[in-house]
Amino acid sequence: MSAGVAPEAVIPIEATLLAVALVLASGRLIPRCIQRMNPTVSDCFLIISILNAIALFITDVMTYKMGGMSDDEPPEETLIKLGKVQFAGNYFYDTGIYLPKLAILALYYRLFPPTMPWLRKLLYGVTAFTGTAMVTTCFLDTFWCGRDVSTNWSIEEGACNTFDSIEVFRTDWAMNVVTDVSIYILPFPLLFKLQLGKRQLWGLVATFSLGAITIAVSIVRFATIEVIHAWTNVFVLSMAEMAVAIMVVSLPSMRGFLRRGSFFSSKKYYGSSGSHTGGYGAQTPIVTFGSSNKRARMHIDEDSGSEVELNAITRTDVIYETRRVSVQFSDKTADTDISKGKAS
């Protein structure tokens, strides 16, 4: 085995990566719990992703304790247990890595307007491909060695083992990186159609481009297995890819762009209109996407808790914002006149 991360350093590094991912995920999920908001579909996939990452960390801890990260061969009575742990770890990485992707795609369904049907069709296609790749990976990891999955932890010489199969690894990696690239480039046609200043536009591009970090980690992991053969690095890079994917989904900066005017800013860069309603209530932003020939109205709870309204305006390539404002009127002069009339 080539020089890599020391076995005793693998678990602390993984724990640090997982902790950072959990902190960022908490920044997204805890405010929703405090505000008693129902979790979105994206939130649900994020929560499952976190549980999956924790399970992957546990299998790596067990592998380390059983001697699976050292150069020395573990005792024969330990090999069967180690094989079972490694077989389970395949699911938590190979299949589990798709959970953050589904969380991002769920967010895209909230961002991509129906007034851009070609982009929505691309989103449907990428979603279908991602789901198919996830199911294919799961079946491949399970049945590559045949219907008898116990072959994967057999200690017989030459027994088939999915964990050590280079063909399974290459196939899983190819589907993983293709889905990553597809999800990474998907929002850019929408971003470049927005009427934003350069600062806001490049801020959004940088935010969505964070997915490139996940792709880079995946490529480094592939090279480590194919060329470097530093197996302890593989454990670290697997957790790094999972943790970074969770961070990309969870980054509070993305919510900041969507909520505080960098994305939907009616005062600076594109049109807005206002409506007034009587009574009491908080301001609720209503985002309107243009369409000249038909009117579609839809209310959705955003990740920020706002409502989204799809209305017909004159343009199809911009995002408009209106605000529902509650106003209370108090006419002191009229009250004084009424009081004087009663007194006389």
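- Here the side chains of T179 and M134 are not in contact, with every heavy-atom distance at 4.5 Å or above.
- By the rule that hydrophobic residues join a cluster once side-chain heavy atoms approach within less than 4.5 Å of another member, I155 and L82 end up as members of separate clusters.
- Residue T95 comes nearest to C138 through the heavy atom pair OG1-CA, 3.6 Å, listed as atom of the first residue, atom of the second, then distance.
- Note that the CZ atom of F129 and the OG1 atom of T136 stand 8.5 Å from one another [nearest 0.5 Å].
- Using bins of under 30°, 30° to 60° and over 60° for the plane-to-plane angle, the ring pair F112/Y108 lands in the parallel bin.
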Run the numbers on T130 and L105 for side chain to side chain contact (heavy atoms under 4.5 Å, CB included), then give the verdict. CA-CA 9 Å; T130 302; L105 289 171; 3.8 Å; yes
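- With Y93 as the aromatic partner, R221 meets the cation-pi criteria of under 6.0 angstrom to the ring centre and within 45 degrees of the ring axis.
- Counting heavy atoms from C-beta outward, T63 and F235 have side chains that approach closer than 4.5 Å.
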Between L17 and M242, does a side chain to side chain contact (heavy atoms under 4.5 Å, CB included) hold up when you go through it step by step? CA-CA 9 Å; L17 291 168; M242 184 73 67; over 6 Å; no
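- Judged by distance alone, the side chains of Y109 and S42 never bring a donor and an acceptor atom under 3.5 Å apart.
- Transitive grouping of hydrophobic side chains (ILVMFWY, heavy atoms separated by less than 4.5 Å) brings V178 and L123 into a common cluster.
- Hydrophobic clustering (side-chain heavy atoms under 4.5 Å, transitive across Ile, Leu, Val, Met, Phe, Trp, Tyr) keeps L56 apart from F163.
- E167 CD: more than 12 foreign heavy atoms inside a 6.0 Å radius.
- In the hydrophobic clustering of ILVMFWY residues, with side-chain heavy atoms under 4.5 Å counting as a link, I97 and V181 come out together.
- Separation of atoms CG (L99) and CD1 (I246) is listed at 9.0 Å; rounding is to 0.5 Å.
- With Y98 as the aromatic partner, K101 meets the cation-pi criteria of under 6.0 angstrom to the ring centre and within 45 degrees of the ring axis.
- One N or O on the side chain of N52 and one on the backbone of F92 form a donor-acceptor pair closer than 3.5 Å.
- The side-chain heavy atoms of I213 and M247, taken from C-beta on, include no pair separated by under 4.5 Å.
- In this structure, M62 and K81 have side chains that are not in contact, with every pair of non-hydrogen atoms separated by 4.5 Å or more.
- Using a 4.5 Å heavy-atom threshold, the side chains of L46 and S250 count as touching.
- Annotation for M239 and A53: closest pair CE-O, 3.6 Å, computed over non-hydrogen atoms.
- Nearest approach of R120 to P114, heavy atoms of both residues: CG-CA, 4.2 Å.
- Note that the CD1 atom of I166 and the CD1 atom of I225 stand 6.5 Å from one another [nearest 0.5 Å].
- The side-chain heavy atoms of F57 and I11, taken from C-beta on, include a pair separated by under 4.5 Å.
- Taking the side chain as every heavy atom from C-beta outward, W173 and I219 approach each other to under 4.5 Å.
- Considering all non-hydrogen atoms of both residues, P100 and S49 come closest at N-OG, 3.2 Å.
- Residues I58 and V10 fall within the same hydrophobic cluster, defined by Ile, Leu, Val, Met, Phe, Trp and Tyr side chains chained together at heavy-atom separations under 4.5 Å.
- Under the 3.5 Å distance criterion, the side-chain polar atoms of S218 are left unmatched by any main-chain donor or acceptor of T214.
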Any chance you could lay out the side chain to side chain contact (heavy atoms under 4.5 Å, CB included) test for E226 and R170, step after step, and finish with the verdict? CA-CA 9 Å; E226 289 281 352; R170 289 171 178 170; 2.6 Å; yes
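- Remark: the Q86 side chain and the N152 side chain contain no N/O donor-acceptor pair separated by less than 3.5 Å.
- Here the shortest heavy-atom pairing between V249 and A103 reads CG1-CB, 3.8 Å.
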Decide side chain to side chain contact (heavy atoms under 4.5 Å, CB included) for Y184 and D180; before the verdict, give the C-alpha distance in whole Å, the side-chain angles of both, and the deciding distance to 0.1 Å. CA-CA 6 Å; Y184 165 68; D180 272 340; 6.0 Å; no
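- Judged purely by atom type and a 3.5 angstrom limit, N233 uses its side chain to pair as donor or acceptor with the backbone of V5.
- Taking the six-membered ring wherever Trp is involved, the centroid distance between the rings of F222 and F169 falls below 6.0 Å.
- Between the side chain of S165 and the backbone N or O of N161 there is no donor-acceptor pair closer than 3.5 Å.
- Between D43 and L29, the shortest heavy-atom contact is OD1-CD2, 3.8 Å.
- Rounding to the nearest 0.5 Å gives a distance of 8.0 Å between CG of L107 and OG1 of T40.
- The CG atom of L18 sits 9.0 Å away from the CD1 atom of I50 when rounded to the nearest 0.5 Å.
- At least one side-chain heavy atom of V149 sits less than 4.5 Å from a side-chain heavy atom of T142.
- Note that the OH atom of Y124 and the NZ atom of K121 stand 10.0 Å from one another [nearest 0.5 Å].
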